[in-house]
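Reviewing the structure listed below.
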Amino acid sequence: IPLQVVTVPTAPYPDQRPGTSGLRKRVYIFQSRRNYLHNFIQSIFSSIDLRDRQGSTVVVGGDGRYFNRTAIEVIVQMAAANGVGRLIIGHHGIMSTPAISCVIRKYKAIGGIILTASHNPGGPDGDFGIKFNTANGGPAKEAVTNKIFQISRTIEEFAICPGLRVDLTTLGKQTFDLENKFKPFTVEIVDSVESYANLMRNIFDFAALKELLSGKNNMKIRVDAMHGVTGPYVKRILCEELGCPANSVINCVPLEDFGGLHPDPNLTYAADLVESMRDGQYEFGAAFDGDGDRNMILGKHSFFVTPSDSVAVIADNIFCIPYFQQTGVRGFARSMPTSAALDRVAKATKIELYETPTGWKFFGNLMDAGRLSLCGEESFGTGGDHIREKDGLWAVLAWLSILAIRKQSVEDILKDHWQKYGRNYFTRYDYESVDIDAACEMMEDLEIMIADKSFVKQRFAVEDKIFQVEKADNFEYTDPVDSTISRNQGLRIIFSDGSRIIYRLSGTGGDGATVRIYIDSYEKEQIFQDTQVLYIILIKSQSCQPMH
C-alpha cells in the first residue's frame with residue numbers, strides 16, 4: 001500500500017535565522033516547541049526550486065549527538081513528501097562534516113543536511129544544530145540562508161510522510177512507494193568512512209605515512225576523538241590502514257553527550273590529551289571536535305601549535321603533500337580574525353592571499369572559481385580545496401606528511417618557521433551567553449570610538465614597546481568572484497607594525513551572544529614574550545571588564 005503524504009498546518013517562529021554554521025539552539029527548544037524542527041526542515045526544502053528538488057539526491061548525516069536520530073526520522077519523512085528522489089545517509093545516521101562534503105560532491109547531490117552543533121556541548125541539556133550545504137559541498141551562501149529564514153517567518157504548512165520508517169543500522173538501499181509518486185523513494189545507508197578514506201588515499205602518500213607511523217623507527221602519536229564523529233575515521237585510517245597501535249587513538253566511540261566532554265579541541269577542553277603529552281612519550285598529538293571539521297595540533301611535551309601558525313606552516317611546506325604537487329597552488333586564504341602568519345608565507349612565495357569574513361562559505365566561493373588551494377581559521381579549522389569544508393583529519397594527515405619529509409619535531413619546525421618569518425603571538429578571549437542587546441550596545445559604542453578621526457595615529461606604550469594605530473574600521477568584504485558585499489564583519493584596530501586587536505560577535509553559540517576578542521602581536525625577531533602584551537591596550541580602550 002503506498003504511503004500517505006499529508007500536509008500539516010503550522011505557525012512560524014521568528015528566531016530561525018541560520019548563523020555562520022546553520023541553526024543552533026538548545027535541545028529543549030527543538031523538543032518543546034511544536035513543529036520547530038519541521039518548520040525549519042520545510043523551509044530548507046522550500047528554498048530549493050521544485051524542478052531542482054524533484055527526483056534529486058540529498059545527503060544526510062550528523063555527529064551522533066542527542067536528538068540526531070529523531071531529527072533524521074523527520075528529515076526522511078519530509079524529504080519523501082517534498083519530492084526528493086534519494087537520500088544518502090551515513091550508517092547509524094553518523095557522518096563527519098568533511099565526509100558529507102565529500103559525499104555531496106561524489107554523488108552530485110543537490111545538497112546535504114548536517115545535524116551538528118560542532119564544538120558545542122551535547123546531551124539533553126546541550127545544543128543541537130542543523131546546517132544546509134549546497135551542491136558544491138560547502139555551507140549555503142547568505143542568499144540561500146536568508147531565503148530559508150524568510151520562508152521560516154511566513155510558513156503556514158509542511159509536507160510529511162508520517163508512516164515512513166527507515167532502518168539506519170543496515171547498509172544498503174531501502175525503497176518506499178508513496179501515493180501520487182511515479183518512482184519509488186530511495187534511502188541508501190552508506191559506510192560513513194569509505195568515500196572519505198578513498199579521497200585521503202588520493203591526496204596523501206599513505207606508504208610514507210605508514211612508514212612514519214608503523215615502520216622501524218615509528219613515531220608515537222596520541223589522537224583524541226573526544227567521543228565525536230571522528231572516532232571511526234581515525235580508527236579506520238590511522239590504525240587499520242596506516243598501522244598505528246590501537247591505543248594511539250582514544251575516545252573513539254561517538255556518544256550522544258560526548259561522554260560528558262565539551263567537544264572543542266583546545267587547551268581547555270582537551271586537557272586530558274594535553275596532560276598525557278607532557279611527559280614526552282608521544283611525539284605528536286591531535287584532537288577533533290564533535291563533527292570532525294576542527295583540529296588541535298600538539299608536539300612533544302604538549303607543545304601547542306596555534307591554528308594560525310598551523311595553516312602557515314602547512315602553506316610553507318605544501319609540496320610535502322602529493323596532491324599539491326599535481327594541482328599546484330592557486331591561492332591562500334584566512335578569515336579576518338586569524339593572525340597574519342599566513343600572509344607572510346604568501347608574500348614570500350608570491351602566492352595570492354585572500355582575507356575573508358569568518359565562515360567557510362567564503363573560502364568555498366574562491367575554491368569554486370579556481371582561486372584557492374589552502375585556507376584556515378583561528379577557530380581550529382584548516383582545509384584544502386579537496387572538499388568545501390574545513391577538515392580536521394586532513395589537517396592531521398598534512399602535518400604527518402610534513403613530519404615524514406622533514407624528519408624534525410613539531411617544535412623544531414615551528415621554531416624554524418618563526419626564525420624565517422617572525423612570529424605572530426595570537427590569543428582569543430570568548431565571552432559566552434552574553435545578553436544580545438548589551439553585546440550589540442557595546443559593539444556600537446566601540447565602533448563610535450574607533451571611527452573618530454582622532455583615534456588613528458594614537459600611540460600606546462606597553463613596557464618598552466610602542467603601538468601606534470594605523471587603521472581602525474568595521475571589516476567589509478567584497479567577494480572577488482561574484483562581487484557580493486559582506487558588511488559589519490568585525491571591528492579591527494590595526495597597528496603600524498602589523499599587530500591587531502579584533503572585536504566580533506559570533507553566530508555559533510546556542511544561547512545569547514558570544515563576544516570574541518582577538519589579539520595578534522607581531523615580532524620580527526623570535527622573542528618569547530607573553531601573548532597578552534596587547535591586552536593592556538584592550539583594557540585601556542574600553543570600559544568593559546574581562547569576564548575571565
Side-chain angles (χ1 to χ4, degrees), residues 266-267 299 303-313 315-316 334-348 353 355 376-379 411-431 442-443 445-475 490-504 515-548:
N266 58 42
L267 296 172
F303 181 88
F304 174 60
V305 181
T306 71
S308 299
D309 277 342
S310 180
V311 68
V313 169
D316 198 40
R334 61 168 176 83
S335 65
M336 182 273 288
T338 303
S339 93
L342 181 61
D343 304 38
R344 307 184 198 289
V345 178
K347 184 178 180 180
L353 186 283
E355 181 183 34
E377 293 183 335
E378 51 71 36
S379 54
E411 182 173 354
D412 286 343
I413 288 172
L414 260 295
K415 287 182 175 178
D416 284 353
H417 188 86
W418 296 329
Q419 199 68 45
K420 182 178 179 181
Y421 293 106
R423 183 174 180 183
N424 286 78
Y425 292 83
F426 183 84
T427 190
R428 185 181 96 186
Y429 295 83
D430 292 348
Y431 304 88
M442 185 272 290
M443 292 291 286
D445 289 346
L446 184 58
E447 184 170 7
I448 291 170
M449 186 189 80
I450 69 171
D452 193 297
K453 290 181 179 179
S454 65
F455 186 74
V456 176
K457 302 301 181 186
Q458 279 196 41
R459 294 157 64 90
F460 297 88
V462 182
E463 297 178 348
D464 61 344
K465 185 165 182 176
I466 302 296
F467 293 90
Q468 181 171 330
V469 178
E470 185 173 273
K471 182 179 182 180
D473 64 7
N474 192 333
F475 181 60
L491 303 179
R492 301 188 298 177
I493 302 170
I494 304 172
F495 299 93
S496 56
D497 69 340
S499 299
R500 306 178 308 153
I501 301 176
I502 311 295
Y503 295 77
R504 179 176 161 268
V515 180
R516 303 198 196 278
I517 302 171
Y518 312 80
I519 303 168
D520 177 12
S521 180
Y522 177 66
E523 294 287 348
K524 290 183 180 179
E525 305 296 332
Q526 189 171 316
I527 302 170
F528 291 93
Q529 64 176 39
D530 190 338
T531 59
Q532 295 191 42
V533 66
L534 279 177
Y535 193 60
I536 299 168
I537 296 175
L538 183 153
I539 296 299
K540 285 182 178 179
S541 67
Q542 45 100 7
S543 59
C544 290
Q545 294 299 309
M547 294 174 63
H548 61 283

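Just so you know, residue 1 is the first one in the sequence shown, and it goes up from there.
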Less than 4.5 Å apart, any side-chain heavy atom of D309 and any of L414? yes
Does a salt bridge link R334 with E377, judged by any charged N lying under 4.0 Å from a carboxylate O? no
side-chain contact (heavy atoms from CB on, under 4.5 Å) against L267, all qualifying residues, sequence neighbours excluded: V274, M296, L298, F304
Side-chain donor or acceptor of S521 paired with backbone N/O of S499 under 3.5 Å: no
From CD1 (I493) to CG (L446), nearest 0.5 Å: 6.0 Å
For A346, enumerate each residue passing the side-chain contact (heavy atoms from CB on, under 4.5 Å) test, keeping only those at least two apart in sequence or located in another chain. F332, L353
Please tell me if the side chains of R516 and P337 come closer than 4.5 Å, counting only heavy atoms from C-beta onward. no
What one should report as the nearest heavy-atom pair of S339 and D343 is O-OD1, 4.3 Å
Could you tell me whether a side-chain N or O of N424 sits under 3.5 Å from a main-chain N or O of F426, the two making a donor and an acceptor? no
In this structure, which one of K524, R459, K465 forms a salt bridge (Lys or Arg N to Asp or Glu O under 4.0 Å) with D497? K465
Set of side-chain hydrogen bond (donor to acceptor under 3.5 Å, both in side chains) partners for R428, sequence neighbours left out: E378, D430
By side-chain hydrogen bond (donor to acceptor under 3.5 Å, both in side chains), D445 pairs with (sequence neighbours left out) none
Residues I501 and F495: closest non-hydrogen pair is CG1-CE1, 4.0 Å
Please report the interatomic distance CZ(R504) to CZ(R492), rounded to the nearest 0.5 Å. 13.5 Å
My understanding is that only residues two or more places apart in sequence, or in another chain, count here; which of them pass side-chain hydrogen bond (donor to acceptor under 3.5 Å, both in side chains) with Y421? D316
Under the rule for side-chain hydrogen bond (donor to acceptor under 3.5 Å, both in side chains), what residues qualify as partners of S308, not counting sequence neighbours? none
Let me confirm one number: the OH-CE distance from Y503 to M442, rounded to the nearest 0.5 Å. 7.5 Å
Under 4.5 Å between any side-chain heavy atoms of Y518 and R500, yes or no? no
Nearest 0.5 Å, please: how far is CG in D473 from CD in E447? 9.0 Å
Should the ring pair F303 and W418 be called parallel, tilted or perpendicular, given that the plane angle runs from 0 to 90° and is split at 30 and 60? tilted
Where is the tightest heavy-atom contact between M443 and L491, given as atom of each residue plus distance? O-CD1, 3.6 Å
Can you spot which of I413, V345, V305, D416 makes a side chain to side chain contact (heavy atoms under 4.5 Å, CB included) with V313? I413
